Every structure is written in structure tokens, then in C-alpha cells.
J.: 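One structure, pasted below without further comment.
Computed from a predicted model, the values in this text were never measured in an experiment. The chain is numbered in sequence order, starting from 1.
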Amino acid sequence: MRGPVVVLGDTLLDRDVEGVVNRLCPDSPVPVLDETVATDRPGGAGLAAVFAAAQGAEVVLVTALADDAGGARLSALLAAAGVQVYPLALSGATPEKIRLRARGRVLLRHDRGGVSGEPGQPSDEVLRVIAEASAVLVSDYGRGVAREPALRAALAATRAPVVWDPHPRGPAAVPGVHLATPNESEVRELVPALPGASRLATASRGAQGLRRRWRAGAVAVTLGGDGALLCHAGSTPLVVPTPGSAEGDTCGAGDRFAAAASVALAQGALVSEAVQVAVAEASAYVAGGGVATALPPSTPAVRGRSAPEPRAFQPGPRGGAMADRVGVAAVARLLGEVRAAGGTVVATGGCFDLLHAGHVATLEAARQLGDCLIVCLNSDASVAGLKGPDRPVQSEDDRSRLLAALSCVDAVLVFDEPTPQAALSWVRPDVWVKGGDYATGGGDSSAALPEAEVLRRWGGNTVVVPYLDGRSTTDLIVRTLAERTR
């Protein structure tokens with residue numbers, strides 16, 4: 001593959017709430033679900049991207065993320081699954097689908113997030129990665145990303161094979177896509193069936209109608225446990241049956257099908273070969289237990305009595321004024337206020353284990369570059385992984401409180417990963433600031449910063465500011481230990 005597999009579309013936050021039903025509600029005849037386990041995962045285009053990454057492909061996800069806890073959670077889940085997120089801004093709230101389940105069966109689905117928000121315009125880096133893709137999967141969930149004019153122009157211009165997984169509320173596929181992958185119900189909504197027509201005749205007529213309407217190379221209609229029907233330029237459709245029984249939870253099977261077909265096309269397969277691979281992958285996925293067992297082990301699950309804030313972005317200390325400036329909710333409020341006013345969001349990051357004058361100088365310089373400063377703070381686990389088991393000296397709660405007490409710091413966000421990539425993909429700062437002795441060493445220092453590539457995904461900038469000589473947390477610890485041993 002010459003470039004990454006790019007997945008483009010709307011990402012949702014899916015939550016499965018498992019529980020036990022032993023009684024009815026006393027004030028209405030409905031079952032009471034006692035929650036035992038809640039599991040979060042990316043949904044929509046995010047789930048398709050996770051599936052593609054699990055097949056070993058380099059995967060870029062172009063999607064819109066909101067400035068709320070749901071957007072932060074999605075960033076953490078996607079980063080843990082090895083997906084590179086190229087985020088667009090999203091007005092409004094993160095769409096969520098919550099399934100209440102007992103004994104493996106869905107009792108109720110609760111959707112929230114309201115009316116679809118408008119996605120922001122893509123950066124030049126997003127358009128570049130689409131142009132250089134080995135394949136592009138448009139995973140449309142009808143919430144606006146697939147309608148964005150600049151993205152549609154980039155999709156029409158790319159040489160990569162484009163797979164379009166449509167939605168009845170979404171736009172038409174861009175002309176010339178290699179493969180469209182609607183399911184039966186979507187085909188019936190998009191192309192009305194003739195009265196009395198058989199199932200295969202309805203699927204074939206609908207596929208041919210969509211192929212002509214969208215000027216698509218081929219249309220594969222997924223038929224659930226019966227495989228798929230592929231219509232291309234020839235008059236006779238190809239039916240690809242499932243290799244065996246495919247009974248089970250079908251949630252996500254369409255995403256698995258589209259992701260598998262996209263990866264196969266990226267590797268040079270013919271469309272007919274890609275559809276056969278996709279049918280086999282989707283069938284094995286359903287037979288193996290569906291989404292509950294198919295996600296990579298590295299994708300974290302949230303467990304407990306309620307849906308907590310994501311562990312990757314900790315809420316920080318509770319109580320008091322400082323708590324209002326620490327955590328996902330505090331950062332979300334700040335982002336909403338600053339962006340609504342057209343302001344510039346500045347962020348910096350680090351361990352800040354022993355806060356010293358060098359840190360303060362960097363933070364004060366960073367704050368002068370915009371209208372707010374968000375500090376991305378390594379958690380205790382992250383610091384220990386980077387610095388060793390004897391670090392940090394101070395807990396993340398104490399470090400958060402000290403930073404939040406500084407007048408130049410507007411909010412603090414704690415993250416667990418070795419790098420702040422997931423946090424940055426959610427915050428999307430306009431400016432990322434680093435301080436250090438290398439900043440005065442001449443040359444293009446910013447090119448060496450790993451965060452620079454991440455910032456380019458949404459058009460952000462990375463800068464360095466001078467660091468006060470002779471100030472170092474490690475040196476302070478070494479000197480303190482030396483004094484103690486004298």
C-alpha cells in the first residue's frame with residue numbers, strides 16, 4: 001500500500017450497558033435494569049476505522065469531534081486502537097448510542113446528542129492525506145461529514161479506490177466511486193422496490209439503480225446472513241454467499257464489511273475479490289460474537305455503576321475553586337467560550353513534577369500567545385512510564401492544583417498515555433508550545449517535535465519558547481538527594 005487507508009465520516013460514541021432484570025418498576029409496568037458493566041467504543045466511522053486498523057493497515061480517520069466529554073472519550077479510544085485522528089471541529093454535542101442489555105439482548109436503545117452539528121472545514125493536511133491514500137472508505141451516518149464540499153471535492157479528485165457506505169439521510173456518493181456498500185433496507189429506501197418482486201430481484205434492481213445514479217463502478221448489497229449481491233457493469237449480478245452460519249449480534253457487521261473491502265482494495269484486490277473477502281470477514285465477525293469480542297484488546301472499556309469521565313483524561317481533584325479549572329468538563333467549558341468569541345486556544349504539556357521558575361517562565365510565555373492556556377499534564381502512570389518507578393515526586397492531584405493556581409493557566413487536562421496525542425486531537429489547540437534549551441540552539445527546532453505533525457492535521461502551529469537555563473526537575477531531585485546524603 002502506498003499510503004494509509006483513510007476512513008471519512010461521522011463518529012459516534014457507543015455504550016453498551018449490561019445488567020440484570022429481576023423486577024418491574026413499581027410506578028409503571030417496565031423492567032428495572034440493574035447495571036453491572038458499561039463498555040464504551042467508537043461507533044460509526046470510528047468503528048470502521050478500528051476494524052481497519054485491527055487488520056494491520058495504517059489508518060487515518062477524518063471525522064468531526066465535539067468539545068465535550070464524549071469527544072474526549074472518542075479521542076482516547078481511537079488512539080488506543082492505533083487510529084490516527086485528523087479531527088474537524090463539530091458544533092453541538094457528541095452523538096451517543098446507548099444500548100441497555102440483559103442476557104445478551106437489547107432492551108432499549110437511548111440516543112442522545114441532538115440535531116447534527118455542522119462539521120468544520122478540513123485543513124490542507126486532511127486534503128493531502130486523502131490525495132495520498134491507498135484507499136478511502138466513506139462511512140456515512142447522515143450527520144454531515146460526507147456533505148462537506150471540500151471533502152467531496154477531494155474524494156472526487158483522489159486516485160485511490162473509494163468505498164462508499166451510504167446512509168439514507170446522507171448525501172449521494174460522489175460520482176465514480178469504486179464500490180458502494182448499502183444494506184438491503186438502505187437500498188429499499190434509496191430505490192423503491194417493485195410490488196411483488198423477490199428479494200434478489202429487489203436487491204439487484206436497487207443496486208443497478210444506485211450504480212447508474214451515482215456513476216459507481218460497482219454496488220454490493222449486503223444481505224445479512226446470506227452474504228452479498230454485487231452488481232457491476234455486466235448485466236448479471238454476482239451473489240457471494242457466506243462461508244457458513246452467521247447467526248449472532250450483527251451490530252457493526254456493515255462497518256466490518258466495508259472496512260474489510262477497503263483494506264482489500266488498498267492491497268490491490270479486484271472489486272469482486274474485495275467483496276468476497278468482506279463477506280468472509282463480516283460472517284466470521286458475527287459468528288465470533290460481534291462487537292463484544294472483535295475489538296482489539298488495547299481498546300479500553302469503562303466499567304462500573306455509571307459512565308465516568310474517560311480515564312485517559314482525568315477530572316482531577318474535587319472540591320474548591322481549583323476543581324473548576326481541572327478536567328474534561330472544565331476544558332470543554334473553556335473551549336466553548338474561547339471559540340465562540342473567535343479566540344486563540346494555546347496548549348502546552350509536560351510532567352511538571354516539581355514546579356519551578358523554568359516552568360513558570362514557559363507557561364507565562366505560552367499564555368501571551370493566545371486567549372487561553374490549557375496544560376496537558378502527564379498522569380502519575382504516564383510519568384512513571386517515562387521517568388521510572390520513583391517518579392513522580394508529587395501526585396497528579398497535587399500537580400494539577402499547583403498548575404491551576406497559576407494566573408497564566410486557564411485549565412488543566414490529565415492524560416494517561418506517554419504522549420498527549422489523544423488529548424491534542426480533542427482539544428485541537430491553535431498553538432502548541434514547548435519550552436527547552438534546544439529552543440535557542442538554532443535551526444528548525446519545531447521539525448523535531450512529535451507534536452508538530454499532529455498539529456498540522458487541523459492547521460495548528462507548534463512553537464518553542466526559551467527556557468530558563470539551569471532549571472530542571474531531575475537536577476532538583478538529584479541535588480536534593482545529594483544534600484540528604486552529606
Side-chain angles (χ1 to χ4, degrees), residues 313 316 325-326 331 334-335 338 343-380 382-388 391-394 396 398-415 417-480:
F313 309 119
R325 299 169 70 180
V326 178
V331 174
L334 179 65
L335 291 174
V338 173
T344 297
V345 176
V346 181
T348 189
C351 301
F352 298 96
D353 196 359
L354 292 179
L355 194 62
H356 53 69
H359 292 143
V360 174
T362 297
L363 295 170
E364 289 178 338
R367 182 60 177 83
Q368 295 177 24
L369 299 176
D371 298 285
C372 71
L373 176 62
I374 298 168
V375 176
C376 298
L377 180 68
N378 295 73
S379 70
D380 290 347
S382 178
V383 175
L386 294 170
K387 305 288 187 180
R391 300 282 295 274
V393 175
Q394 299 189 96
E396 62 194 58
D398 287 348
R399 290 182 285 127
S400 297
R401 286 180 178 274
L402 288 170
L403 288 166
L406 298 176
S407 61
C408 56
V409 174
D410 296 281
V412 179
L413 190 63
V414 181
F415 65 93
E417 299 82 8
T419 72
Q421 178 174 329
L424 289 175
S425 295
W426 174 60
V427 175
R428 301 187 313 280
D430 301 294
V431 182
W432 174 256
V433 179
K434 293 290 285 185
D437 294 329
Y438 58 83
T440 59
D444 184 11
S445 301
S446 62
L449 294 176
E451 297 89 353
E453 186 274 330
V454 178
L455 267 287
R456 282 195 293 268
R457 296 177 185 177
W458 55 86
N461 297 295
T462 305
V463 301
V464 292
V465 295
Y467 192 78
L468 292 179
D469 289 337
R471 277 75 170 184
S472 163
T473 298
T474 300
D475 290 346
L476 284 173
I477 294 173
V478 170
R479 288 201 301 269
T480 299

J.: Between CD of Glu451 and OG1 of Thr419, what distance do you get to the nearest 0.5 Å?
T.: 7.5 Å
J.: Could you tell me which non-hydrogen atom of Val346 sits nearest to which non-hydrogen atom of Ala366, and how far apart they are?
T.: CG1-O, 3.5 Å
J.: Any side-chain heavy atom of Val427 within less than 4.5 Å of one from Leu335?
T.: yes
J.: Roughly how far apart are Leu424 CG and Leu455 CG, rounded to 0.5 Å?
T.: 6.0 Å
J.: I would like to know whether Lys387 and Asp353 meet side chain to side chain contact (heavy atoms under 4.5 Å, CB included); could you show each step before the answer?
T.: CA-CA 10 Å; Lys387 305 288 187 180; Asp353 196 359; over 6 Å; no
J.: For Gln368, give me all partners under side-chain contact (heavy atoms from CB on, under 4.5 Å), at least two apart in sequence or on another chain.
T.: none
J.: Tell me if a side-chain donor or acceptor on Glu396 pairs with a main-chain N or O of Asp380 at a distance below 3.5 Å.
T.: yes
J.: State which residues pass salt bridge (Lys or Arg N to Asp or Glu O under 4.0 Å) with Glu453; sequence neighbours excluded, sorted by chain then number.
T.: Arg457
J.: In chain order, what residues pass the side-chain contact (heavy atoms from CB on, under 4.5 Å) check against Asp410, with sequence neighbours excluded?
T.: Leu334, Arg367, Cys372, Leu373
J.: Are any non-hydrogen side-chain atoms of Leu403 and Leu363 less than 4.5 angstrom apart?
T.: yes
J.: For Leu406 and Leu355: C-alpha separation, side-chain torsions, deciding distance, then whether side chain to side chain contact (heavy atoms under 4.5 Å, CB included) applies.
T.: CA-CA 11 Å; Leu406 298 176; Leu355 194 62; 4.1 Å; yes
J.: For residues Ile374 and Pro429, determine if any side-chain heavy atom of one lies less than 4.5 Å from a side-chain heavy atom of the other.
T.: no
J.: How would you list, by chain and number, every residue that makes a side-chain contact (heavy atoms from CB on, under 4.5 Å) with Ser382, sequence neighbours excluded?
T.: Asn378, Ser379, Leu386, Phe415
J.: Mind checking the CZ-CZ spacing from Arg399 to Phe352? Nearest 0.5 Å is all I need.
T.: 10.0 Å
J.: Tell me whether Trp458 contacts the main-chain N or O of Asp430 through its side chain, where contact means a donor paired with an acceptor under 3.5 Å.
T.: no
J.: What's the shortest heavy-atom distance between Ser400 and Val414, and which atoms?
T.: OG-CG2, 3.6 Å
J.: Please list, chain by chain and in numerical order, all residues satisfying salt bridge (Lys or Arg N to Asp or Glu O under 4.0 Å) with Arg456, sequence neighbours excluded.
T.: none
J.: Taking Thr348 for the side chain and Val433 for the main chain, is one N or O donor matched with an acceptor at less than 3.5 Å?
T.: yes
J.: Of all the heavy-atom pairs spanning Leu377 and Cys351, show the shortest one and how long it is.
T.: CD1-O, 3.3 Å
J.: When you measure from the side chain of Asn461 to the backbone of Val431, do you find a donor-acceptor pair of N or O atoms at a distance under 3.5 Å?
T.: no
J.: Does any part of the side chain of Trp426, heavy atoms only, come nearer than 4.5 Å to the side chain of Val331, both counted from C-beta?
T.: yes
